[in-house]
Amino acid sequence: MTRTIERYNPRVEEPRWQKQWDERQSFVVRNDDPRERYYVLEMFPYPSGRIHMGHVRNYTMGDVLARYKRARGMNVLHPMGWDAFGLPAENAAMQNKVPAKDWTYANIATMRKQLKSIGLALDWSREFATCDVEYYEQQQKLFLDFLEAGLVTRKKSKVNWDPVDMTVLANEQVIDGRGWRSGAVVEQRELTQWFLKVSDYSEDLLSALDTLDRWPDKVRTMQRNWIGKSEGLRLLFEVAPNDKTRAASIEVFTTRPDTIFGASFIALSADHPLAAEIAAGNTEVANFIAEAHRHGTAAETLEKLEKLGVPTGIYVKHPVKDGETLPVYVANFVLMDYGTGAIFGCPAHDQRDFEFASRYGLPIIPVVLPPDADPVTFALDGEAYSGPGRIYNSGFLDGLSIEDAKKKIAAYFGSRAVDNRQQGTIEVNYRLRDWGISRQRYWGCPIPVIHCETCGTIPVPKKDLPVKLPDDVTFDKPGNALDHHPTWKHTTCHQCGGPATRETDTMDTFVDSSWYFARFTDPKADDPTVPGVANNWLPVDQYIGGVEHAILHLLYSRFFTRAMHKTGHLGMDEPFKGLFTQGMVVHETYRADGEWISPAEVEISASEAGRTAKRRDTGAPIEIGSIEKMSKSKKNVVDPDEIVATYGADTARWFMLSDSPPERDVQWTEAGIEGASRFLQRVWKIVQECKFLA
RNA sequence: GCGGGCGUGAUGGAAUGGUAGACAUACGGGACUUAAAAUCCCGAGGGUGUAGACCCGUGUGGGUUCGAGUCCCACCGCCCGCACCA
């Protein structure tokens, strides 16, 4: 008897199975399925044009989990959608004269086909794109509900302005003083903006991190730092009589009120109102402020600035040393947008204050004695001491621990008054700010409000939603194409019937991705969610994505879940029970004559002597460079389509999962994918032999 | 500076405190072939030895333990995030 065992041919087998899954709707999930539920979600893609290997890795991980849970008899929700608003569509519209909408949906069609060829167990019946009118209409409803619930404010504020993208950026989107997308140096501008009141939840967002025990510590720590809680004392210093200002007091924020006996100066931010007032009659101060502004944001990219300041000529009374005064400076290292924009300097126990005091000859008075140090001989060794110890040189605080001294001095100042106010108030400060969501862009969710000359700025009634984006926009002028549209913004006021204009700002695209996981639970519903359904599925049991979203997307989503809870759309506060941050896909880089070379053009030969590379066509030598994240700019990308065509999706998936632990970077190599391919062939052969024997 | 993580063959990496290096890649040798590819088999951490075997090996130095890659302490190096936050 003869038999032949054929080689596994993914080009036949994979499409056959994928067709069956499609026809039988194998992965379509029903909300009324009584089995135990499991929700696995990977961060949805931006439809940039084509999927990349990072997508393959991300979605394969989720897929394995989804299939495993399904095999264990669970009802598994594993959906897919598109984070489809954003600037690249507008850029494409400008450069290629393709409407942003067409460009986006064409990309989605391509990428959907690619994802299907990967063989993912996805419920495609729930697919949506955030630029679908049906989706952003629901988002507009959410905005109105948030507005009604007091979670939205409109205020004039200094904003980060990206001069290249011509739009506002959230603090989270400014990296080293540059726009996260354009890389342009960010400017400060004063604009009226819509804000979501994330700061209402500062404490809750912080403390609830402790409950997220299936999140990586790294991400929790990053969020903790970002929220930036500090407990301290808001403290008034009484201004000594002078002719330079009528201000009676200066308010500072400090986390170290226990060191008040070591205070030797007050420093104001260059943006402090009092500094501006003094500058009006003091050219030295005015020049210093101008200089500080000139450095401003741009200098943040340079190495640490020297601690510089200028005396204002004003003095304040020392709050605990009768008859003594402290000089008031304007200093370049004091930030206006944290605390009160003013500090008291205790040089002995704060490194910045130490440098400042050393430069300007101000007293350095140690008031914290390190354990085992001698109070008589202890001296600072060229830098501030910020470690543990006991208070000394401090009158009625002497001998106390730092913690006890903080309590005692807070009580002391709490019982005194300056400028007709309580001198010291315990205060908790957060670094977290409200989220400015206004963007001066066309391709985003319109903010559903109108500006009426008579009635003011008022929300569009829900019955008039959606506020639809026009399709016929042009990009011949810089700035917001919506604003330039000839008719779109002109409307009538629903209250008074008079003329009104629409808000032309659209929402930050991070809004779109802050609740999509909830929409997947019932993507066709007439409301943002059907709470009975959403609460059954959420929170997401396992969320998988890149660590680059550790702050922005994940923090905003946590806020949104709380806000949707408050407005009755959801019944929980945390969206993601488990979070997994997968590593990147990296690849060697290749260079010749200063140009990056694509791996497809490179032939590698290896021997005991090592690996060498040459051009596949000409045979010219190529330098093997460092291993980097796959990126178009370095050309070290491998196209998933080609891999699937050559080796099949399962080989690509197997390699992605087997070569490196999922949380670490995986290095894509030709040899690795070959090995994975051979491995699968062997497995297939064994399976065939078992079938034959059976 | 603060925080998180990592350090094991040529390489990616395995190892509930119990035979370190699974599996894979690369490399070398062999079988098959006119030849190559594919496939299959063998070798392989380093050192000494004809061999049986022995010694040394998980960044460095200590410690706990019958036993440490794993736990504890100190240090060195690398990666990532945040950072003039008072």
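Owing to the predicted nature of the structure, the values given are computational and were not obtained by experimental measurement. Per chain, numbering begins at 1; letters A, B, ... match sequence-line order.
At B/G81, none of the side-chain N or O atoms of A/Thr221 fall inside 4.0 Å of OP1 or OP2 (strictly under the cut-off). In this model, the phosphate group of B/G5 is not approached by any side-chain N or O of A/Arg220 to a distance below 4.0 Å at OP1 or OP2.
Between the P atoms of B/C55 and B/A68, the separation comes to 16 Å (whole Å). The separation of B/G67 from B/G7, taken at their C1' atoms, amounts to 24 Å, rounded to a whole angstrom. Spacing of P atoms, B/G57 relative to B/G62, comes out at 11 Å, to the nearest Å. Distance check on atom C1': B/G5 versus B/A10 gives 26 Å, rounded to whole Å. As rounded to the nearest Å, B/C84 and B/U16 have P atoms that lie 42 Å from one another. Separating the C1' atom of B/U11 from that of B/A26 is a span of 7 Å, rounded to the nearest Å. Rounded to the nearest Å, the gap between the C1' atom of B/U64 and that of B/G17 is 12 Å. The same atom, P, is picked in B/G21 and in B/G28; the two are 24 Å apart, to the nearest Å.
Between A/Ile544 and A/Asn58, the closest side-chain pair of non-hydrogen atoms falls below 4.5 Å.
A salt bridge between A/Arg591 and A/Glu623 is absent, with no side-chain N of the basic residue lying under 4.0 Å from a carboxylate O of the acidic one. Ion pairing between a basic and an acidic side chain is recognised when a charged N comes within 4.0 Å of a carboxylate O; A/Arg352 and A/Glu355 show no such pairing. Taking a cutoff of 4.0 Å between a charged side-chain nitrogen and a carboxylate oxygen, A/Asp63 and A/Arg653 qualify as a salt bridge.
Distances were taken from every side-chain heavy atom of A/Arg678 (C-beta onward) to each of B/A86, B/U39, B/G12; the shortest belongs to B/U39. The side chain of A/Arg682 sits closest to B/C40 out of B/G7, B/C40, B/G81. Here the nucleotide nearest the side chain of A/Arg352, chosen from B/C84, B/G81, B/G13, is B/C84. The side chain of A/Asn225 approaches B/G81 more closely than any other nucleotide in the set B/G12, B/G81, B/A14. Side-chain proximity of A/Ala671 to B/A86, B/A14, B/A26: nearest is B/A26. Nearest to the side chain of A/Thr254, among B/A86, B/A14, B/G81, sits B/A86.
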> Under a 3.5 Å cutoff on both atom distances, Watson-Crick or G-U, what's the dot-bracket for RNA chain B ([ ] crossing, | other strand)?
Replying inline: (((((((..(((.....[....))).(((((.......))))).((((....))))..(((((..]....))))))))))))....

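With A/Glu427 contributing its side chain and A/Arg234 its backbone, the two residues share no donor-acceptor pair below 3.5 Å.
Within 4.0 Å of A/Arg234, counting heavy atoms only, lies no atom of the nucleic acid at all. Nucleic acid contact for A/Pro216: none, since no nucleic acid atom lies under 4.0 Å from a heavy atom of the residue. Counting any heavy atom pair closer than 4.0 Å across all strands shown, A/Gly228 reaches no nucleic acid atom. When heavy atoms are screened at a 4.0 angstrom cut-off, A/Arg256 is found touching the sugar-phosphate backbone but no base atom.
Counting heavy-atom neighbours within 6.0 Å of A/Tyr315 OH, excluding the residue itself, gives a total of 12 or less. In A/Lys577, the NZ atom is not crowded: 12 or fewer heavy atoms of neighbouring residues, nucleotides or ligands sit closer than 6.0 Å. In A/Ile426, the CD1 atom is not crowded: 12 or fewer heavy atoms of neighbouring residues, nucleotides or ligands sit closer than 6.0 Å. Around NZ of A/Lys629, the count of heavy atoms belonging to other residues, nucleotides or ligands within 6.0 Å does not exceed 12.
Computed from coordinates, the A/Leu552 CG to B/G81 P distance equals 13 Å when rounded to whole Å. Rounded to an integer number of Å, the gap from CD1 of A/Ile426 to C1' of B/A86 is 17 Å. A straight line from CD of A/Glu231 to P of B/A86 spans 12 Å, rounded to a whole angstrom. When rounded to the nearest whole Å, the span between CZ of A/Phe679 and P of B/U25 equals 9 Å. Taking atom CZ of residue A/Arg431 and atom C1' of nucleotide B/G3, one finds them 13 Å apart after rounding to whole Å. Rounded to a whole Å, the CD1 atom of A/Ile260 is 12 Å from the C1' atom of B/A86. Straight-line distance from the CZ atom of A/Arg57 to the P atom of B/G12: 14 Å, rounded to whole Å. When rounded to the nearest whole Å, the span between CG of A/Leu680 and C1' of B/A24 equals 12 Å.
B/G9: glycosidic angle within 90° of 0, hence syn.
Nucleotides of RNA chain B nearest to A/Glu674 and A/Val334 differ in position, and the one nearer the 5' end is that of A/Glu674. Projected onto RNA chain B by closest heavy-atom contact, A/Asp350 and A/Asp217 fall at different nucleotides, the more 5' of which corresponds to A/Asp217.
With 3.5 Å as the limit, one finds no donor-acceptor pair spanning the side chains of A/Asp659 and A/Trp668.
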